[in-house]
Each structure stands twice: as C-alpha cells, then as structure tokens.
Q: 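One structure, pasted below without further comment.
One-based numbering, in listed order, for ligands and for the atoms of each.
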Amino acid sequence: MPWPASADLLAPLAPWFDRVRRDLPWRARELDAPHPDPYAVLVSELMLQQTQVATVVPYFTRWMAQFPGPEALAEADEDTIHKAWEGLGYYRRARFLKAAAASVAAEGWPGDLEGLAGLPGLGPYTAAAVGSIAFQWPAPALDGNAFRVLARLLLIEGDPRRAAADLRAWLAPALAAHGPSRMTQAIMELGATVCGPTPACGACPLGDRCAARLAGRTGAIPPAAKRTKPKASLLWLVAFEAEGHLLLHPPAAKGLLAGLWRWPALGAAEFPPQAADQEPAPLQAWPGWTQVYTHRREQVSPLHLRLGTRFKAAEGLRWVSLADVGTLPLGKRDQRLRGLMATPGQPPLEAPDLAALIRACAAPSG
Ligand code: SF4
C-alpha cells in the first residue's frame, strides 16, 4: 500500500469533528471513553442502515422511550416492535434488533469484534461501527460513505470495495491514535456532510492532502455504480370493506415483508376494465403514486371498495375488524392507503371489473 500513514493523513479530522459534530441523540458527549449505553449505539446503527439520519432521529427517540434497554426489547412481542418500526422500512432490521437484544439480555455484551459480528443482523460494518463507537475498539467500519471518502483521499481507481481489507488495515492505526469512536464518527460525518456524491472540498479539513482533489479528479472517484432503472409494475391496491371489517394479508413468517400486514395488491394487467354499460361499482379511488424499492418500482392505484356482505376470504387473506386495522403494523405503501381512507376519495375514472377483483380474493366456491 503506497499510502501515507493514516494517523498523519487523517489527523485534521479529529479536531474538525470535535468542532462541527452534529448533536444526535445516540452520540455520547465523551469520545475518549466507552459509550455509556452500547444498546443506544446498536439501535442507532441498525436504524441508520439504509435510512437517513433526519428520518431516524424521531424513531430512535420514541424507540428508546418504549424499549429503553435490551431486556425491554427482548420481552416485547413482534407486532409491537413492527408497529414501532412502522415507516422505517426494511423490517428485518427490527427483528434482528430484537434477536440481538435477547442475546445481550441473556448473555451480556460480547467481548470482541467476532462476538459482536455473531449477533443477529450485524454484518462486518455494523459490528465494527458498534465496536468502535460503543466500546472503543480500533475496528474500522467501512460503509458507502467511508469508501467514497477514502477512495478520494487515496485516489483509489475502480471500486474501492475491492480494497476493503487493505483499507481496514491502513485505517486501524488512525483509530488507535485519535480514538476509535471519534475517528469512526468523523469519517462518517465527513462522508455525510462534506464529501458527499458532489463534494464540498472548500469546507473539507482534508482538502490540502486529498489526492483526488489535488489531481482534479473528485468527480471521477469513485466511479458511479451502473444502475438499470427497474420497470414499474402496475397494480391495484385494494381495501375491501364489508360488515365493519377490512380484508388483509396477515404477515408472512419470513422474507422482506415478514411481520407486516398487507392489502391485497392485484396486478392491473390481469384485471379487465369495467365495461362501459356496467353498473358503477361502489368504489372510491385517490391519485396513484410510484412506490420505489431497491430493485423494483410499483405504479400503485389505491381503491376502497365497500360491499354489503363479507365473502369467504381466499387462503392467505383475513377479514380484520375496522377497529383493529389501525393498530396493525403495515409497510410504507400499505400505510399510505390506510391514511387515504380517512380522506374523501373519488369514483375512479377507470376501474377494474368488480367481479374479477372479488374472485381474486375470495375462496373458490364449492
Ligand atoms: S477534499 Fe473533497 S474529495 Fe477530498 S475528502 Fe475532502 S471533500 Fe472529499
């Protein structure tokens, strides 16, 4: 590695971070001692995976009031946990957090990085982040922000993730010299507030030593990842209501949507439009939206259909009383329809054939 020593190169980051650090509810004031509440660090790191700081702050505050320690979280039931996580997305994180809390409540905190990495939901990055911020272990935590900062600073060509092992070995002495918690958070902070995709080099404490800046190549390092835009699928998201009940899918035990209740979502292509001479269906609609996920997009058309009587629900669907629906954990897309139902809708301009919609959600007769 022909790179300058990390403790020297990164030295200006430490006083810079002490000066500009954002006051975040999970951050300890004292950065030279172990964190007084490692559980708070664990919660924040799990919440911050895939989610912006500004979104996480209110969730973190509510979560810590509701589940103030590993024991309280370990004892909570899954519906309560999913409800508290509702809106943050990637609900697997909530279940991992509960499982990790149960392990800590039963056996105490692991004593080394390997033990932390063995807790549910903690990959190498999260284990290193918790190890350095909570316990002051000199374990470099490399996430997308850190890779971007270090790639520019050291002028690493190509994907910096390929140099992960070398970067970890290079970074460890800087953590030991300037404090693991301070350095880890300083790199995160620089990536989040200064060295973003479009870097603000004029405000950077490392501007005079950054190889990409000195070479005029900050725009090309690291190279942008190639992404193909996923095609949007069209679907009807339908709230069937009858006799004071709504029809929902109960949570799956596993997978991305585990723990979450869902409205029936029916591929629009499979449902013919209502014939022009058909009696208008008792339907309400609201303007649709595009729901964006990591690898797919959905063009969602929300519908609310009021029926006189309940039909026998198909396997995998259940009628739930109106009073209970408000308390169920739903994903972002499905929360949005629940929220819309409290507002007046319109008869839809285009509607799917009502009988076909019901057939798709009813148990086969006979
Ligand atoms: S000088 Fe610019 S590119 Fe280099 S680390 Fe600082 S913000 Fe990033």
Q: So that I can check it, does any N, O or S atom in Cys195 come closer than 2.8 Å to atom 4 (Fe) of ligand 1?
A: no
Q: Is a donor from one side chain sitting under 3.5 angstrom from an acceptor on the other, for Thr51 and Arg93?
A: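 Judged by distance alone, the side chains do pair up.
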Q: Taking the non-hydrogen atoms of Ala212, is any one of them nearer than 4.0 angstrom to ligand 1?
A: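 Judged by the 4.0 Å heavy-atom criterion, Ala212 does not count as contacting ligand 1.
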Q: If only atom types and distance count, is the side chain of Thr184 paired as donor or acceptor with the main-chain N or O of Ser181 below 3.5 Å?
A: no
Q: Less than 4.0 Å between a side-chain N and a carboxylate O, is that true for Glu189 and Arg21?
A: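 Answer for the salt bridge query: no.
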Q: Taking the six-membered ring of Tyr293, is the NZ or CZ of Arg297 close enough (under 6.0 Å from the centre) and on axis enough (within 45°)?
A: no
Q: Provide, to 0.1 Å, the distance between atom 2 (Fe) of ligand 1 and the closest protein heavy atom, together with that atom's residue and name.
A: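 For atom 2 (Fe) of ligand 1, the nearest protein heavy atom comes out as Cys201 SG, 2.3 Å.
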Q: Measure the distances from the heavy atoms of Thr218 to every atom of ligand 1 and state whether one is below 4.0 angstrom.
A: yes
Q: Could you check whether any side-chain N or O of Ser6 sits under 3.5 Å from a backbone N or O of Trp170, counting only pairs where one atom can act as donor and the other as acceptor?
A: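 Yes, because the side chain of Ser6 sits within donor-acceptor range (under 3.5 Å) of the backbone of Trp170.
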Q: For ligand 1, which atoms have a heavy atom of Arg152 less than 4.0 angstrom away?
A: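 Taking each heavy atom of Arg152 in turn, ligand 1 has 3 (S) under 4.0 Å.
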Q: Checking a contact table here: which protein heavy atom is nearest atom 4 (Fe) of ligand 1, and how many Å away?
A: Cys210 SG, 2.4 Å
Q: What atoms of ligand 1 come within less than 4.0 Å of a heavy atom belonging to Gly207?
A: 1 (S)
Q: Under 6.0 Å between the ring centres of Trp26 and Phe60?
A: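 Yes, they do, as the ring centres are separated by less than 6.0 Å.
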Q: Check whether any N, O or S atom of Cys204 sits under 2.8 Å from atom 8 (Fe) of ligand 1.
A: no
